[in-house]
Amino acid sequence: MLNERLAKNCWERVLQRMEQREGKDLMASEKASQYWVGFDLGGTKMMAAAFDADFKILGSERKKTKAEKGVDSGMERVGETIDEALKQAGLDRKQLGGIGVGFAGPLDLNKGVIVNAPNMGWRDVPLRGILEERFGCPVYVANDVDAGTYGEYRFGAGRDARCVLGVFPGTGIGGACVYKGRIIKGAGQSCMEIGHMIVVPGGNLCGCGKRGCLEAVASRLAIAAEAALAATRGNAPHLLEAAGTDIREIRSGTIAAAIKAGDTVVEDIVRHAARHIGMAVANAVNLLAPDVVVLGGGLVEEMPDIFIEETKGEARRLAMKSLIEQVKFSVAKLGDNATVMGAAALAAEKCPKAG
């Protein structure tokens with residue numbers, strides 16, 4: 001009788017372990033079957049990428065935003081771009097665990113609404129609601145630089161660091177910070193507006209309406225404007241030949257090419273701008289004590305050595321020695337994929353169906 005009870009108890013334990021193992025296998029299978037989409041929505045271009053559970057890109061698609069055609073047309077293009085990325089990945093909408101979107105403009109993060117995008121002419125657009133209705137899955141909306149910096153924290157130059165400060169000079173200058181795996185943000189909106197730190201009190205007028213902001217002296221537009229003046233004065237002949245004096249034609253690659261061709265005044269302009277970024281970074285280091293400062297964006301991608309050298313040098317000169325000595329400066333590693341990868345990872349973490 002005793003042996004029968006022992007045998008029965010042993011068999012019950014075996015069955016219990018089998019059920020537990022089957023449950024774990026099912027959970028692993030469910031997790032493996034979840035796919036994520038990351039989306040980068042900017043004023044001039046949009047990009048979608050589909051990822052597996054390990055965040056390997058399975059398919060991607062790019063389109064011009066064509067924001068001037070209006071919100072309805074623009075959101076239809078967003079949907080089409082995501083559908084095309086899914087098609088390339090061999091996936092359908094039912095397999096999606098969620099969609100993460102990084103947007104370059106003011107957002108109501110709690111509602112997933114585009115508040116006002118002056119460069120696009122869009123106002124009060126329920127971005128999250130539109131996409132959730134179309135794709136039938138949860139959608140997480142974030143600032144594009146927040147998403148890009150989070151991507152670098154998870155997969156790139158700031159991988160697994162305690163505190164990562166991201167600075168991305170482009171048309172403007174975006175900033176973000178990931179602290180212990182969390183994006184620093186306000187109650188309902190993004191923050192870390194490093195581009196609007198005052199670095200030259202009473203200086204040039206910024207697009208935000210204030211004077212002396214970092215963007216007013218160190219963004220690509222600011223660099224292009226000063227370089228155009230130099231070309232007009234005959235001090236940048238290579239730039240003049242390549243792009244004339246129209247700042248809309250003076251892109252990051254054009255600036256880099258002019259420097260390489262021998263326009264030393266253009267190089268001086270870029271180095272001067274990078275030192276101002278270093279000043280802003282020094283202030284941020286004194287406040288946040290980051291482990292890694294990641295520099296990204298078009299200007300940095302085209303001229304990494306100049307930006308690392310000048311930004312790092314100025315930050316080391318101005319920040320508290322005990323804090324700046326611990327900081328590693330690095331060029332972003334993910335390039336154009338930073339925002340889509342970060343957005344997809346945020347969706348996997350934040351969407352209700354995750355894990």
Inset, instruction - Indicate yes or no: at least one non-hydrogen side-chain atom of Gln189 is less than 4.5 angstrom from one of Val115. - result: no
Legend entry - Any donor-acceptor pair under 3.5 Å from Asp108 side chain to Gly112 backbone: no
Legend entry - Exam field: side chain Asp263 to backbone Leu239, donor-acceptor pair closer than 3.5 Å: yes
Legend entry - Taking every non-hydrogen atom, the tightest pair across Ala231 and Thr245: CB-CG2, 4.3 Å
Legend entry - Check: Ser73 side chain, Lys69 main-chain N or O, donor-acceptor pair, under 3.5 Å: no
Inset, instruction - Please state whether the rings of Tyr153 and Tyr150 are parallel, tilted or perpendicular, taking 30° and 60° as the class boundaries. - result: tilted
Inset, instruction - State whether Arg220 and Glu215 are salt-bridged, where the test is any N-O pair (Lys NZ or Arg NE/NH1/NH2 against Asp/Glu carboxylate O) under 4.0 Å. - result: no
Inset, instruction - For residues Pro169 and Gly296, report the shortest heavy-atom separation together with the two atoms involved. - result: CD-O, 2.9 Å
Inset, instruction - For the pair Glu226 (side chain) and Ile269 (backbone), establish whether a donor and an acceptor sit closer than 3.5 Å, ignoring hydrogens and angles. - result: no
Inset, instruction - Kindly compute the distance separating CG (Leu109) from CG (Asp146), expressed to the nearest 0.5 Å. - result: 7.5 Å
Inset, instruction - Grab the two heavy atoms, one from Val199 and one from Leu214, that are nearest each other, plus how far apart they are. - result: CG2-CA, 3.8 Å
Legend entry - Sub-4.5 Å side-chain heavy-atom contact between Cys191 and Ile184: yes
Legend entry - Within 6.0 angstrom of Arg162 CZ, more than 12 heavy atoms from elsewhere: yes
Inset, instruction - Please test Glu302 against Phe307 for side chain to side chain contact (heavy atoms under 4.5 Å, CB included), starting from the C-alpha separation and ending with a verdict. - result: CA-CA 10 Å; Glu302 292 289 347; Phe307 275 91; over 6 Å; no
Legend entry - Shared hydrophobic cluster for Leu299 and Ile194 (ILVMFWY, side-chain gaps under 4.5 Å): yes
Inset, instruction - Measure the spacing between CG of Asp144 and CZ of Phe168 and express it to the nearest 0.5 Å. - result: 9.5 Å
Inset, instruction - State, with a plain yes or no, whether a side-chain heavy atom of Pro290 is found less than 4.5 Å away from one of Val285. - result: yes
Legend entry - Within 6.0 Å of CG in Asp246, more than 12 heavy atoms from elsewhere: yes
Legend entry - Sidechain-backbone polar pair: Asn286 side chain, Met320 backbone, donor-acceptor under 3.5 Å: yes
Inset, instruction - Looking only at non-hydrogen atoms, find the nearest pair between Val294 and Val331 and report the distance. - result: CG1-C, 4.4 Å
Inset, instruction - Say whether, by atom type as modelled, one donor and one acceptor occur between the side chain of Asp291 and the main chain of Cys163 under 3.5 angstrom. - result: yes
Legend entry - Heavy-atom pair of closest approach, residues Lys63 and Thr81: CD-OG1, 3.1 Å
Legend entry - Pairwise distance CZ(Phe135) to CD1(Ile82) - rounded to 0.5 angstrom: 4.0 Å
Legend entry - Same apolar cluster: Met46 and Leu131, side chain cutoff 4.5 Å: yes
Inset, instruction - Could you check Ser330 against Leu295 for side chain to side chain contact (heavy atoms under 4.5 Å, CB included), going step by step and ending with a plain yes or no? - result: CA-CA 6 Å; Ser330 181; Leu295 299 177; over 6 Å; no
Inset, instruction - Determine the minimum heavy-atom distance between Gly98 and Cys137, stating which atoms define it. - result: CA-SG, 4.0 Å
Legend entry - CD (Glu68) with more than 12 external heavy atoms under 6.0 Å: yes
Legend entry - Rounded distance (nearest 0.5 Å) linking atom CZ of Arg211 with atom CG of Leu205: 5.0 Å
Legend entry - SB check Arg154 Asp160 (cutoff 4.0 Å): no
Legend entry - Criterion side chain to side chain contact (heavy atoms under 4.5 Å, CB included) on Ile99 and Tyr140, from CA distance to verdict: CA-CA 6 Å; Ile99 297 170; Tyr140 185 80; over 6 Å; no
Legend entry - Verify same cluster id: Val178, Leu288 (apolar side-chain graph, 4.5 Å): no
Inset, instruction - Find out whether Ile259 and Ile306 are in side-chain contact, i.e. whether some heavy atom of one side chain is under 4.5 Å from a heavy atom of the other. - result: yes
Legend entry - Flag side-chain contact, heavy atom, 4.5 Å: Ile255 against Ser252: no
Inset, instruction - For the pair Lys111 and Asp124, find out whether any cationic side-chain nitrogen is under 4.0 Å from an anionic carboxylate oxygen. - result: no
Inset, instruction - Measure the CZ-CH2 distance between Phe55 and Trp36 for me, rounded to the nearest 0.5 Å. - result: 7.0 Å
Inset, instruction - Ignoring hydrogens and angles, tell me if any N or O in the side chain of Glu132 forms a donor-acceptor pair with the backbone of Val139 under 3.5 Å. - result: yes
Legend entry - Linked, directly or transitively: Ile247 and Leu229 (ILVMFWY side chains, under 4.5 Å): no
Legend entry - Donor-acceptor contact present, side-chain Arg93 to main-chain Arg134, <3.5 Å: yes
Inset, instruction - Using a 4.5 Å cut-off on heavy atoms from C-beta on, say whether the side chain of Thr65 contacts that of Leu41. - result: yes
Inset, instruction - Inspect the contact between Glu309 and Arg271 and indicate whether a charged nitrogen and a carboxylate oxygen are less than 4.0 angstrom apart. - result: yes
Legend entry - Atom CD of Glu80 with >12 non-hydrogen neighbours under 6.0 angstrom: yes
Inset, instruction - Taking the side chain as every heavy atom from C-beta outward, state whether Val113 and Leu127 have any atom pair closer than 4.5 Å. - result: no
Legend entry - Same cluster (ILVMFWY, side-chain, under 4.5 Å), Ile57 and Phe155: yes
Inset, instruction - For Arg62 and Asp336, run salt bridge (charged side-chain N to carboxylate O under 4.0 Å, His left out): C-alpha distance rounded to whole Å, both residues' side-chain angles, the deciding distance at 0.1 Å, then the answer. - result: CA-CA 11 Å; Arg62 299 169 185 262; Asp336 285 347; 3.5 Å; yes
Legend entry - Lys45, NZ atom: more than 12 neighbouring heavy atoms under 6.0 Å: yes
Legend entry - Of Val293, Val167, Leu165, the residue whose pairing with Phe329 passes side-chain contact (heavy atoms from CB on, under 4.5 Å): Val293
Inset, instruction - Evaluate whether atom NZ of Lys210 has more than 12 neighbouring non-hydrogen atoms of other residues, nucleotides or ligands under 6.0 angstrom away. - result: no
Legend entry - Heavy-atom check, side chain of His196 versus side chain of Cys206, under 4.5 Å: yes
Inset, instruction - May I ask you to decide if Ile173's main-chain N or O and Ser219's side chain share a donor-acceptor pair within less than 3.5 Å? - result: no
Legend entry - Expected output: side-chain Gln88 to main-chain Ala85 donor-acceptor under 3.5 Å: no
Legend entry - Separation between OG1 of Thr44 and CE of Met120, rounded to the nearest 0.5 Å: 9.5 Å
Legend entry - Tyr35 ring center near Phe51 ring center (under 6.0 Å): no
Inset, instruction - Show the numbers, then the answer: is there a side chain to side chain contact (heavy atoms under 4.5 Å, CB included) between Glu61 and Met47? - result: CA-CA 6 Å; Glu61 177 68 6; Met47 176 183 177; over 6 Å; no
